[in-house]
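Here is how names work: the chains are called A, B, and so on, in the same order as the sequence lines, proteins then strands, and each is numbered from 1.
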Protein chains: 2
Amino acid sequence: MPEEKVFTISELAAMFDISSRTIRYYEEIGMLTSENRDSLTKQRTYTNRERRRLKMILRGKKLGFGLQEIREMIELYESNPEGEAEKSRIIAFADSKLREIEEQIMQLQMLREDILTYKEKYENSRVKT
Amino acid sequence: MPEEKVFTISELAAMFDISSRTIRYYEEIGMLTSENRDSLTKQRTYTNRERRRLKMILRGKKLGFGLQEIREMIELYESNPEGEAEKSRIIAFADSKLREIEEQIMQLQMLREDILTYKEKYENSRVKT
DNA sequence: AACTAAGTTAACGTTAACGTCAACTAGGAG
DNA sequence: CTCCTAGTTGACGTTAACGTTAACTTAGTT
């Protein structure tokens, strides 16, 4: 085994330009887990798995989702549904999220058009040089 | 003149499924103005102009923007820049917003693909009926 | 040994975006 | 006149998502 590299909390924080407090907070509310804490110093260590999770969290935030919402979406990625009922529930959730996202994309495209229109309005009113 | 229709605060609130408090709050922080308040009863009245503004605010919120950010974008719509410097500033702001929006659209499309992938993973693991 | 750097927990502080409640007014319905 | 509805202005309460500070431990210098 290639002895997977692990990160300290401040390494991870620097990586994503956030504070250590933020990472601890995400763990506090159960969105991250620090496996294998040093048994003596109690220091947290993170692997690539947690790094990926953190990346997903931050992407979600940039898109305007709340942490609870993001948590559900991550659970979608990581869930291993038992039974047809559970699978159906998850697929339904995915579908509703997909609709929400597509709606959001459409609204953003409209906003983009609006801004472009106004921008051009100002550009055309500029003095020709 | 066609005597433009005006709305009461609760009419407007019902229209967008928000509370009256929210509308007063938006006025409080200067994102809405209630022109022509009844000089005796002090009741707010709104015209289509304010209705459109409110619509823009709520769209922005759904897209994950903060109220201050939305305020700047609305000012973009309503500004009447004097002088070349001011125009350049506004066009630069529009450009930066456009880039931000396009980035957000890309991220959302990636998120959409991700969710689709996971959804299909579950669908393919379902028992054929 | 003394100091510094990086980490820990616990607890209180902060900001945005409203919710809630109290005390008041003005306009009708009966 | 009395009651009800809809509105008003404060003012305090609430939640999410951290920031900040204190008091402590451990590891690595000097």
Side-chain angles (χ1 to χ4, degrees), chain A residues 5-47 50-51 53-75 100 104, chain B residues 5-47 50-51 53-75 100 104:
Chain A
K5 170 152 173 50
V6 298
F7 312 101
T8 76
I9 194 169
S10 52
E11 279 172 352
L12 210 56
M15 223 172 258
F16 292 106
D17 194 34
I18 59 179
S19 71
S20 299
R21 166 66 170 132
T22 298
I23 296 180
R24 279 189 216 101
Y25 175 67
Y26 290 162
E27 180 175 341
E28 200 179 314
I29 63 173
M31 304 206 43
L32 288 178
T33 41
S34 47
E35 297 291 299
N36 308 322
R37 289 174 65 159
D38 186 310
S39 54
L40 175 52
T41 69
K42 293 292 176 187
Q43 293 201 20
R44 293 166 170 83
T45 67
Y46 301 96
T47 69
E50 295 301 315
R51 191 183 51 75
R53 280 188 71 112
L54 185 50
K55 196 173 182 177
M56 286 195 278
I57 295 174
L58 298 175
R59 176 179 68 176
K61 286 216 64 191
K62 273 177 53 180
L63 294 175
F65 296 106
L67 290 178
Q68 298 315 313
E69 220 172 341
I70 295 171
R71 183 214 300 270
E72 293 180 302
M73 294 173 51
I74 293 182
E75 280 169 9
E100 192 180 324
Q104 208 165 333
Chain B
K5 172 154 173 45
V6 299
F7 311 101
T8 76
I9 194 169
S10 51
E11 278 171 351
L12 210 55
M15 224 171 257
F16 292 105
D17 195 32
I18 59 178
S19 71
S20 298
R21 166 65 169 134
T22 298
I23 296 181
R24 279 189 216 102
Y25 176 68
Y26 290 162
E27 181 175 341
E28 201 178 315
I29 63 174
M31 306 207 42
L32 288 178
T33 39
S34 47
E35 297 291 300
N36 307 322
R37 289 175 66 158
D38 186 310
S39 55
L40 176 51
T41 69
K42 294 291 176 189
Q43 293 203 20
R44 293 165 170 83
T45 66
Y46 300 97
T47 69
E50 294 301 314
R51 191 182 51 74
R53 278 188 74 110
L54 186 49
K55 196 173 183 177
M56 286 195 277
I57 295 174
L58 297 176
R59 175 179 68 176
K61 286 216 64 191
K62 273 177 54 180
L63 294 176
F65 297 106
L67 291 178
Q68 298 315 315
E69 221 172 340
I70 295 170
R71 183 214 302 269
E72 293 179 304
M73 295 173 50
I74 292 182
E75 280 169 10
E100 191 180 326
Q104 206 164 335

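Relative to the side chain of Q68(B), the nucleotides dT8(D), dA17(C), dA17(D) differ in distance, and dA17(C) lies closest.
Remark: P of dT8(C) and CD of Q43(A) are 6 Å apart, rounded to the nearest angstrom. Residue I18(B) contributes atom CD1, which lies 12 Å from atom C1' of dA17(C) at whole-angstrom precision. Per the geometry, CD1 belonging to I9(A) stands 12 Å off C1' belonging to dT9(C), to the nearest Å. At whole-Å resolution of the value, CD1 in I70(A) and C1' in dA16(D) are 12 Å apart. Following rounding to the nearest Å, L12(B) (CG) and dG7(D) (P) show an atom-to-atom distance of 11 Å. If you take CG of D38(A) and P of dG28(D), they are 11 Å apart, rounded to a whole angstrom. The separation between K42(A) atom NZ and dA10(C) atom C1' is 16 Å, rounded to whole Å.
For the pair T22(B) and dA17(C), the criterion of a side-chain N or O lying under 4.0 Å from OP1 or OP2 is not met. One finds no side-chain N or O of R44(A) lying less than 4.0 angstrom from the OP1 or OP2 phosphate oxygen of dG7(C). Contact annotation: S20(B) does not reach the phosphate of dG7(D) (side-chain N/O to OP1 or OP2, under 4.0 Å). Between S19(A) and the phosphate of dG19(D), there is a side-chain N or O to OP1/OP2 separation shorter than 4.0 Å.
The backbone N or O of M31(A) lies less than 3.5 Å from a partner atom in the side chain of R53(A), making a donor-acceptor pair. T45(A) contributes a side-chain N or O that, together with a main-chain N or O of E35(A), makes up a donor-acceptor pair within less than 3.5 Å. Not one N or O on the side chain of R51(B) forms a donor-acceptor pair closer than 3.5 Å with the backbone of M15(B).
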Every protein N/O lying under 3.5 Å from an N/O of nucleotides 20-27 of chain C:
| unit_1 | atom_1 | unit_2 | atom_2 | d |
| --- | --- | --- | --- | --- |
| dT20(C) | O4 | R21(B) | NE | 3.4 |

Verdict with reasoning, R44(B) to E50(B), per salt bridge (Lys or Arg N to Asp or Glu O under 4.0 Å): CA-CA 11 Å; R44(B) 293 165 170 83; E50(B) 294 301 314; over 6 Å; no
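Contact between T22(B) and I18(B) at its shortest, heavy atoms only, is CG2-CD1, 4.3 Å. The two residues L12(B) and F7(B) make their nearest non-hydrogen contact at CD1-CD1, 4.3 Å. Nearest heavy-atom pair across S20(A) and A13(A) is N-CB, 4.0 Å.
Each of K61(A) and S10(B) lies near DNA chain D, and the nucleotide nearest S10(B) is the one positioned closer to the 5' end.
Not counting sequence neighbours, the partners of E100(A) by the side-chain hydrogen bond (donor to acceptor under 3.5 Å, both in side chains) test are K97(A).
Contact check of residues 23-37 of chain A against DNA chain C (heavy atom, cut-off under 4.0 Å) returns R24(A), R37(A).
From L54(A), atom CG reaches atom CZ of F16(A) across 5.0 Å, with rounding to the nearest 0.5 Å.
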